[in-house]
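Data block below; observations after.
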Amino acid sequence: MILIAPQLEDIAKEYRQIALFKKPLKSPMLATLPVFWRHAVTVLSGTVAAQALPLLVAPLITRLCSPGDLGEFSIWLGVIAIASTVATLRLEAAMILDHEPSAQQTCFSVVAYFSTLLAIVITLAAVLAREAGVAQVQNLSWFALLTIGIGTWVTAYNHTASAYATSYCAFGKAAMVKVYGAGAIALGQVALLLVGVHGAALFAGHIFGLGIGMLAAIMLLSPPQPTITLAPTSAQRSYLRKHESFWRYSLPAGLLNIAAGKFPLFLIGAKYGLVAAGLFALTERVLTAPVSLLAASVLEVFKREAVHDFQTAGNCSKAYRSTFMALVLLGCGPALFIFAFAPDFCAWVFGEPWRGAGDFARILAPLYFLNFVASPLSYVFFVAGKQKVEFVWQIALFITTITVFLTPFSLTDILWHYTISRSVLYVIYLYLSHRFAQNAMS
């Protein structure tokens, strides 16, 4: 058995304290469920509610904007997803291991400092690239370019606040934050489209929703107030040294993972145009939403269960097995539906111009399923201290993705190769995570 980090003992103690002082559940049915599933149901109910409104308004949005508009917005959103990952330095994950009040306040301050710095740099870089005539940047409007920094900062804060809620099992309040944020995004985008703002409505509505989500997090979760200074303080530098494995290994690994996921959209937009990018974006944004929300909900609960079991039993194989089986059962239905009915479903719900999104979804269905199963279980790499191994795997995933999309084939053939190659890598990933959950590999 390998040695367990001292932080795991602290979090295990607080986990037991939280369980002791927890209020009784009002629902008799929920009260009979194991702790893991009670938490999972809480997170899932909030996430489902947060995703329900965007899914309901998606058919309206696709009839008010073109695939090109959605393609431009999705590329902008992809840039923010990558930039916000850099802004947090992946330190929000460390908050679940080290959640003393002073440490968490320092974590928020570190994230605020780096996200502010990055927001300024990325906005200036976007403006300079536009003035220099960079082709990829020319496809984005000035409004999109000038709001990348704002979107990055608020997204980074929201990720950190979500991790703060998870560290104290505040799943109910975190779910409400998701509902407010997602609902504001959907309503803001539709309202602006209806008044004739057109493509800019997607950007402005998203920024509005992010702001509402941030305000909801501050009011409901009462997270520590970050302090922003001209340079990192001694306490912040000490925190960075203490959790250097997160920004040394987890950050590059997470960045490669997100970049590998967004790279197809970027390349499709550059190689095949914004219309093709918009069709591909609809596939990811709507058809995979049920799968994604289930995986995210299970992840929030599995984090705490894995840490607790690793401390008390020296491994988290029991939590891993139960989570794996639940993910397989939950993911089969949506994956089979997408494979069987996606083209007709897209044409019927979103309009005939969006049928191509269903064709893409059918090809990618097996990959969606494996990603759904593997994503929540990835936290085993953090708990077992195997960030280096995950980093190597992420490099392989990124190289494979780039290689596939640079081949001179048709878009359909590229998507088939993309699905097969990444699926093989996910099978390897699941094998490694299973071994680490057993604490069988040093």
Side-chain angles (χ1 to χ4, degrees), residues 2-23 35 39 42-43 85 87-116 156-174 177 214 217-229 231-251 254 299-314 316 319 379-387:
I2 63 173
L3 293 175
I4 307 301
Q7 293 94 329
L8 296 181
E9 183 177 357
D10 295 335
I11 194 171
K13 291 178 181 178
E14 295 198 27
Y15 181 88
R16 290 191 291 270
Q17 291 173 357
I18 291 171
L20 288 173
F21 291 98
K22 234 176 162 183
K23 293 181 179 180
V35 174
H39 289 166
T42 300
V43 177
T85 301
T88 64
L89 302 179
R90 292 309 297 272
L91 291 175
E92 80 281 5
M95 212 180 315
I96 301 176
L97 297 175
D98 185 8
H99 59 144
E100 288 292 327
S102 60
Q104 291 193 326
Q105 198 278 335
T106 302
C107 181
F108 269 90
S109 298
V110 171
V111 172
Y113 176 84
F114 282 99
S115 59
T116 301
Y157 181 90
N158 288 345
H159 286 334
T160 310
S162 178
Y164 173 79
T166 300
S167 70
Y168 289 107
C169 290
F171 298 116
K173 292 182 178 180
V177 170
M214 179 178 172
I218 293 173
M219 295 178 64
L220 294 177
L221 301 175
S222 300
Q225 294 297 315
T227 56
I228 302 177
T229 56
T233 64
S234 59
Q236 293 169 9
R237 291 194 298 270
S238 177
Y239 188 87
L240 286 168
R241 287 192 296 269
K242 181 179 180 180
H243 298 291
E244 65 176 344
S245 61
F246 287 91
W247 54 266
R248 279 184 180 273
Y249 305 112
S250 300
L251 173 60
L299 171 60
E300 292 301 312
V301 180
F302 179 67
K303 286 179 181 179
R304 291 300 299 256
E305 292 292 321
V307 171
H308 178 256
D309 287 358
F310 224 93
Q311 165 61 27
T312 57
C316 60
Y379 200 73
V380 170
F381 288 86
F382 291 97
V383 177
K386 301 297 182 181
Q387 289 96 330

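Side chain of S238 to backbone of S234: no donor-acceptor contact under 3.5 angstrom is found. Remark: side-chain polar atoms of Q105 are paired, donor with acceptor, to backbone N or O of Q225 under 3.5 angstrom.
For the pair V380/K386, no side-chain contact is recorded, criterion being any heavy-atom separation below 4.5 Å from C-beta on. In this structure, F108 and T160 have side chains that are in contact, with non-hydrogen atoms separated by less than 4.5 Å. Looking only at side-chain heavy atoms (C-beta outward), L251 and T88 stay at 4.5 Å or farther from each other. With a 4.5 Å cut-off on side-chain heavy atoms, Y113 and P226 do not count as touching.
The line from OH of Y239 to CD of E244 is 13.5 Å long, rounded to the nearest 0.5 Å. Rounding to the nearest 0.5 angstrom, the gap separating the NE2 atom in H243 from the CG atom in L89 is 12.5 Å. Atoms OG1 and CG, from T106 and L240 in turn, are 10.0 Å apart once rounded to the nearest 0.5 Å. M95 contributes atom CE, which lies 6.5 Å from atom OG of S167 (distance to the nearest 0.5 angstrom).
A93 and F246 get closest at one heavy-atom pair: CB-CE2, 3.8 Å. Closest heavy-atom contact between A165 and A174: CB-CB, 3.8 Å.
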Steps toward side chain to side chain contact (heavy atoms under 4.5 Å, CB included) verdict (Q236, T227): CA-CA 10 Å; Q236 293 169 9; T227 56; 4.0 Å; yes

Worked check of side chain to side chain contact (heavy atoms under 4.5 Å, CB included) between Y157 and I218: CA-CA 10 Å; Y157 181 90; I218 293 173; 3.4 Å; yes

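Between R90 and E92 a salt bridge is recorded (basic side-chain N to carboxylate O distance below 4.0 Å).
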